[in-house]
Amino acid sequence: MIRGMIVDDELNAREELATLLADISDIEIVASCGNAIEAIKLINKKQPQILFLDIQMPVIDGFELLSMIDEESMPHVVFVTAFDQYALKAFEEKTLDYLLKPIDPERLQKTMAKIEATLQKGSNSQHDSLQLSRIPCARGHKIKLIDPQEVELIHSDLTGVHVFTAEDKYFTELTLKVLEQQLGLLRCHKQYLVNLQHVVEITTLENGLAEIKTRSGQQLPVSRRYLRSLKDAFHL
Amino acid sequence: MELILQLLQQLSIFLVIAYLFSKSPAFKPLTEKQLSAKNKLLLYFIFSGFSVLGAHFELPIEGAIANTGVIGAVLAGLVAGPLLGGVVGATAALHLFLLNGVAAQAYILATSVAGLLGGLANIYLLLNNRSEQVFSPVVAFVATLAAEALQMLILLLMKSPFSEAWALVRVIAIPMVFANAVGSALFMSMMRDRKTMFDKVGAIFSAKAFNIADRSLGILSKGFNETTAKQLAEIIYDETGVGAVSISDGKKILAYIGVGADHHLTGLKITSPQTKAAIRDNKVIFADGVNEIFRCALSGNCPLGAALIVPLRVDNEVVGTIKLYEPRNKLFLNLNKALGEGLAKLLGEQLLRDRYKTQKSLLVNSELKLIQAQVNPHFLFNALNTIIAIVRKDADQARSLLLHLSKFFRKNLKRSGDLSSLKEELEHVNSYLVIEKARFAEQLQVVEEIDAEVLQIRIPTFTLQPIVENAVKHGISNLLKGGQIKISAHRIGRQAKVVVEDNAGLFCDKIQSDGLGMNIVDKRIKNLYGNQFGVATECVRDQATRVSLLLPYDEREL
């Protein structure tokens with residue numbers, strides 16, 4: 001059984017695709033959702049092999065979503081769209097396939113054949129994703145997009161990943177690893193990323209540890225393992 | 001009786017001279033209402049001349065003299081007031097004195113008094129708002145009659161012995177009083193006729209100008225080309241009666257009518273150096289045919305001799321020429337020169353207005369087409385995709401959605417008229433929203449608060465749906481849950497307010513920087529109804545976006 005996942009902001013569209021897939025292929029839909037935030041969470045959790053991804057979605061579109069997924073969890077992607085074939089051209093080589101809405105079952109069959117062949121080869125999926133230019137954070141019913149420049153530090157704990165700006169604190173579904181790679185933040189601790197632009201003070205402690213103070217006065221620890229790279233960054 | 005005839009004979013000579021004078025250009029100032037100092041001086045010489053001449057032709061009768069010298073003084077007073085009348089009278093008196101010495105003292109006094117009398121009549125008429133009677137022959141008759149009677153009285157009083165004076169007056173009184181009064185009246189009537197003629201010429205000129213303006217107005221709004229130029233040329237040719245009329249676009253002849261049409265052909269390039277100069281220097285060139293001859297560059301046998309070449313200007317840029325011609329054997333009337341120049345100005349103004357109007361409507365049209373072309377393909381394919389999914393579960397709903405979809409597109413393709421009723425616009429919006437609601441399910445709630453009385457107000461076609469679509473596309477569809485769109489329409493006095501509001505408040509930047517074409521909607525409403533109406537946008541970040549249309553309530557379909 002192939003493990004599939006559908007992301008589309010429209011319930012009817014998700015249901016239709018799931019029905020079509022059930023008819024023609026040996027695929028199990030392990031998750032399906034209507035926006036990028038949920039999608040990141042579910043991809044990390046369910047690790048689908050194949051992702052049917054709508055391009056036009058609220059706040060964060062399909063292309064951007066790809067830049068938020070951890071490489072290790074990255075599924076093969078089939079874009080599903082109503083009218084974005086021109087935009088898709090740029091992504092064509094890197095994506096497995098794309099489908100146009102309304103979805104033609106025969107076309108879908110070809111796509112599934114391609115998927116099965118790719119999965120049998122066992123090749124890894126690779127996407128030339130966009131540079132992440134904003135961090136999606138959930139806030140009630142809305143998605144707040146944080147400008148990476150404003151981020152002072154990012155901290156992960158058991159409850160999830162927290163983004164700190166000078167004024168506020170947000171929760172994000174993105175992993176620390178993706179944020180580190182995509183945003184150019186420096187890892188200073190297993191659970192911390194820091195934005196060097198906001199560092200005003202580094203206090204070295206005993207045992208090769210250190211502490212960083214940010215412009216707004218927030219403090220975060222530096223572990224022994226990452227002290228060297230921090231010093232390098234400041235040419236110390 | 002013989003004396004009367006002699007006096008009348010003498011008067012006839014005067015009248016002939018006066019008639020010839022009235023035909024000369026020097027007469028024209030006399031007919032003007034406000035006399036300038038220069039013209040008053042001219043009048044002084046004219047009337048003094050009459051009086052002096054009259055005295056010269058005096059007829060000696062039994063030791064007395066009968067003459068017509070009073071006429072000049074009375075008329076001068078009548079036409080130009082007591083001052084001039086007095087001065088003319090005094091001049092005539094001085095002349096009499098030089099001629100006859102102190103012996104003529106009674107005549108000297110009487111002539112001076114006559115001028116004053118005419119002047120008093122003039123003041124009386126002006127004070128009683130009867131200035132038009134200044135040129136009345138009856139008034140002149142009466143005034144001269146009175147002046148002559150006065151002269152007789154003065155003769156009786158001043159000449160002694162009385163018996164001698166009485167004998168003289170008995171002989172000359174009736175002929176002099178009668179002949180002078182008649183002569184005065186005739187002279188005045190001649191002046192009045194001339195004056196009327198000048199007024200008439202002025203009136204004809206105005207009438208012609210109005211006629212041309214009236215007939216040509218609107219022709220140019222169909223564009224400046226061979227067809228409209230031909231129509232214009234015909235009108236000008238008709239109304240001015242010049243030898244030929246030509247209209248060019250600054251490079252070639254667009255229309256030519258009249259003498260020389262055999263070689264001034266439509267479509268030919270402009271060749272005459274005078275026309276070229278008019279276009280190049282952006283100035284009127286007038287070859288009057290006397291001092292400067294118009295030279296046709298097309299043919300050596302061209303009969304044209306005089307030409308007025310007026311550049312047609314739009315915003316001070318020469319876009320063509322209007323030319324009036326006369327053949328060599330005809331004088332180019334000043335009247336037509338003034339008409340031609342005025343006309344070119346008028347037509348230029350009209351071209352400018354039309355250019356502005358065309359630009360304005362072109363702009364609005366092209367922008368409108370842009371909006372219409374923007375019918376979102378996403379919307380179409382997503383709608384179809386949704387309906388395909390719904391067919392599996394609920395065929396009736398799918399059918400209803402298809403009907404709404406076709407209604408929506410039919411309305412989008414229909415481009416009849418610039419205005420729709422609010423009701424029609426709301427139907428369009430409704431078709432759109434039914435489909436979007438099917439797509440977004442519980443994510444999209446729609447609340448409508450429409451007052452029935454505003455359903456018939458007139459609103460520019462295609463205004464409301466794009467605003468609602470913006471609220472869905474940029475507002476609600478970016479909410480993860482709980483989107484609401486509120487559409488309301490109310491009457492506020494003589495205005496109607498239509499408001500579309502969403503609870504997302506997510507496109508403040510876009511709507512305020514006018515990324516969404518609200519300016520075009522605003523422009524359309526202002527073009528239609530004036531600047532007090534239009535579009536207002538408000539945005540509270542993360543809470544609400546509100547677009548309000550302010551429209552006239554009075555503009556309803558009844």
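Note that this is a predicted model, so its numbers are computed, not measured. Reminder, nothing fancy here: chain letters follow the sequence lines and each chain counts from 1.
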I'd like to know if [X] and [Y] make a salt bridge, using a cut-off of under 4.0 Å between side-chain N and carboxylate O.
X: B/Lys497; Y: B/Asp451; result: no
X: B/Lys486; Y: B/Glu448; result: no
X: A/Glu152; Y: A/Arg215; result: no
X: A/Arg134; Y: A/Glu64; result: yes

B/Phe408 and B/His428 aromatic ring geometry - parallel, tilted or perpendicular at 30°/60° bounds: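 Rings of B/His428 and B/Phe408: parallel, as their planes differ by under 30°.
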Under 4.5 Å from a heavy atom of chain B, the part of A/Glu15 involved: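 Only the side chain of A/Glu15 comes within 4.5 Å of chain B.
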Which atoms of A/Asp9 approach chain B - backbone, side chain, both or neither, heavy atom under 4.5 Å: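 When you check distances to chain B, atoms from both the backbone and side chain of A/Asp9 fall under 4.5 Å.
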Contact listing (chain A partner; residues 434-443 of chain B; heavy atom under 4.5 Å): B/Ala438, B/Arg439, B/Phe440, B/Gln443
Chain A contact via B/Ala504 - side chain, backbone, both or neither, heavy atoms under 4.5 Å: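 Contact with chain A: backbone only.
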Engaged part of B/Thr386 at the chain A interface, taking heavy atoms whose separation is under 4.5 Å: both
Verdict with supporting geometry, A/Phe164 and A/Tyr170, ring-ring contact (aromatic ring centres under 6.0 Å, His included): CA-CA 6 Å; A/Phe164 293 80; A/Tyr170 305 89; 9.4 Å; no
Test disulfide bond (SG atoms under 2.5 Å apart) applied to B/Cys508 - qualifying residues, sequence neighbours left out: B/Cys539
B/Tyr432 and B/His404 aromatic centres sub-6.0 Å: no
Top of B/Leu380, B/Asn382, B/Leu384 for chain A proximity - count of heavy-atom pairs under 4.5 angstrom: B/Asn382
